[in-house]
Amino acid sequence: MPSYTLYRWRATNVRELLRTRTVPIPTGDRPRRLRANPHLRELVRETRLHPAQLVAPIFVVSGRGRREDIRSLKGHARLSPDLAVAEAERLAGLGVGGVLLFGIPDSKDGRGEGAADETGPVPETLRRLKAAKLPLALAADVCLCEYTTHGHCGVLDGDRIDNDATLPLLADAAIAYAEAGADVVAPSAMMDGQVAALRAGLDAAGFHGTAIIAYASKHASVLYGPFREAAGSTPGFGDRKSYQMDPANGREAMRELDLDASEGADILMVKPAITSLDLLAQARQRFDVPLAAYQVSGEAAMIEAAAERGWIDRRGAVLESLTSIARAGAHVIVTYFAADAAAWLNER
Ligand code: PBG
Ligand code: ZN
């Protein structure tokens with residue numbers, strides 16, 4: 001039979017089957033009723049993003065009036081503390097909930113001592129932000145990789161990353177940031193016991209009120225590439241697989257989240273976001289602390305690159321990805337699109 005005739009035959013027969021109710025026409029269950037117009041869709045929308053739940057990463061360097069565009073992260077730059085405050089003012093004006101600071105020091109050493117330097121760009125920016133009294137939660141990433149010559153997140157013992165020798169250095173850095181005004185510190189080194197070490201150090205230094213957002217489930221992902229270019233923190237040898245988790249492991253992720261919760265994490269974070277939606281959904285059932293997700297640099301880069309080629313609608317892709325991350329269970333979302341997303345959400 002020629003294909004057009006075949007099509008006619010099929011169409012006629014399906015019509016006949018429907019008419020005779022051999023195939024039932026849905027009566028009660030027609031989900032399309034609630035999709036009929038924008039007002040109905042708005043009414044029954046289950047997940048609503050709000051600018052206040054978004055956190056914007058900011059990269060800070062020393063100096064004044066210094067701005068270095070980051071090639072791999074469109075719209076982002078390494079900023080000196082004065083310009084970082086100006087950027088934070090812009091974000092606060094858009095209703096963004098918080099900022100997460102990453103420091104890039106002038107010089108690095110084998111032990112990443114610069115992470116705890118109270119004259120470094122992160123404490124300097126925190127002091128200025130605190131003084132500016134902006135309506136923003138102030139968070140600082142706590143890790144050594146931006147501060148070590150070898151680019152690993154911990155100190156070395158030969159070519160091994162020494163877990164326990166790293167813990168006091170991370171705690172020192174957290175205390176320096178708390179002292180400078182951080183509301184939240186965010187340990188991202190994936191050292192065992194890092195949350196307990198930070199909590200003990202902060203409490204001993206009198207910072208009982210400084211919260212910890214734990215990068216609890218952090219996979220050894222290829223999606224951190226653009227960040228490492230921004231922060232100059234690509235490992236000089238090897239990779240991060242001896243401390244970051246195998247992306248294949250989900251039960252191990254729950255174990256990491258359990259451990260960080262029991263060590264005293266106030267917020268549990270999962271990253272990358274779009275590759276961890278199953279983990280967010282599981283964690284939502286399991287924990288009652290706020291959950292965060294980090295839409296990492298590679299996730300942003302994929303959207304930017306496709307949008308630049310005209311292969312994807314940028315605004316749609318950003319809002320759809322953020323909404324999906326929230327739907328999966330994240331309440332707080334760290335995203336390089338915080339400013340754009342907040343502006344779009346404010347329009348509606
Ligand atoms: C530092 C840190 C990284 C990220 C957050 N904190 C880099 C890494 O672990 O290599 C990744 C963020 C991103 O890709 O946007 N440990
Ligand atoms: Zn690190």
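When a ligand or atom number is given, it counts from 1 through the structure's own listing order.
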Trainee: Using the ring centroid of each side chain, check whether F227 and F59 are separated by less than 6.0 Å.
Mentor: yes

Trainee: If you count the atoms of ligand 1 from 1 in the order shown, which ones are under 4.0 Å from a heavy atom of F102?
Mentor: 5 (C), 6 (N)

Trainee: Sort by chain and number the protein N/O/S atoms found under 2.8 Å from the Zn ion (ligand 2).
Mentor: C143 SG, C145 SG, C153 SG

Trainee: What protein heavy atom is closest to atom 5 (C) of ligand 1, reported as residue, atom name and distance in Å?
Mentor: K271 NZ, 2.8 Å

Trainee: Provide, to 0.1 Å, the distance between atom 10 (O) of ligand 1 and the closest protein heavy atom, together with that atom's residue and name.
Mentor: R228 NE, 2.6 Å

Trainee: Is the closest basic N to carboxylate O distance between E252 and R255 below 4.0 Å?
Mentor: no

Trainee: With no hydrogens and no angle check, just 3.5 Å: does a side-chain donor-acceptor pair link D141 and Y215?
Mentor: yes

Trainee: Could you check atom 14 (O) of ligand 1 against the protein and tell me its nearest heavy-atom contact, residue, atom and distance included?
Mentor: S297 OG, 2.7 Å

Trainee: Quick one: nearest non-hydrogen protein atom to atom 15 (O) of ligand 1, plus distance?
Mentor: Y336 OH, 2.6 Å

Trainee: Just verifying a value: how many Å separate Q53 CD and I325 CD1, rounded to the nearest 0.5 Å?
Mentor: 10.5 Å

Trainee: In terms of heavy-atom contacts, does CG of N37 have more than 12 from other residues, nucleotides or ligands at under 6.0 Å?
Mentor: yes

Trainee: Under 4.0 Å from a heavy atom of S188: give me the atoms of ligand 1 that qualify, with their elements.
Mentor: 1 (C), 2 (C), 6 (N), 16 (N)

Trainee: For ligand 1, which atoms sit closer than 4.0 Å to a heavy atom of Y294?
Mentor: 12 (C), 15 (O)

Trainee: Check whether any side-chain N or O of Q194 sits under 3.5 Å from a backbone N or O of M191 as a donor-acceptor pair, and report yes or no.
Mentor: yes

Trainee: Please determine whether any non-hydrogen atom of K218 lies less than 4.0 Å from an atom of ligand 1.
Mentor: yes

Trainee: Say whether C145 and ligand 1 are in contact under the criterion: heavy-atom distance to a ligand atom below 4.0 Å.
Mentor: yes

Trainee: Please check if the distance between the ring centroids of H76 and Y336 is under 6.0 Å.
Mentor: yes

Trainee: Could you tell me which atoms of ligand 1, counted from 1 in the order shown, lie closer than 4.0 angstrom to a heavy atom of C143?
Mentor: 16 (N)

Trainee: Got a salt bridge between R48 and E42, using NZ or NE/NH1/NH2 to carboxylate O under 4.0 Å?
Mentor: yes

Trainee: Answer with yes or no whether the side chains of S321 and Q295 bring together a donor and an acceptor at under 3.5 Å.
Mentor: yes

Trainee: To the nearest 0.5 Å, how far apart are CG in L279 and OG in S217?
Mentor: 5.0 Å

Trainee: Give the atom numbers and elements of ligand 1 that come within less than 4.0 Å of a heavy atom of Q244.
Mentor: 8 (C), 9 (O)

Trainee: Measuring from non-hydrogen atoms of E299 to any atom of ligand 1, is the shortest distance under 4.0 Å?
Mentor: no

Trainee: Check for a donor-acceptor pair, side chain of R284 on one end and backbone N or O of F287 on the other, with a separation under 3.5 Å.
Mentor: yes

Trainee: What residues form a side-chain contact (heavy atoms from CB on, under 4.5 Å) with E308, not counting sequence neighbours?
Mentor: K74

Trainee: If the contact criterion is a heavy-atom separation under 4.0 Å, does Q295 count as touching ligand 1?
Mentor: no

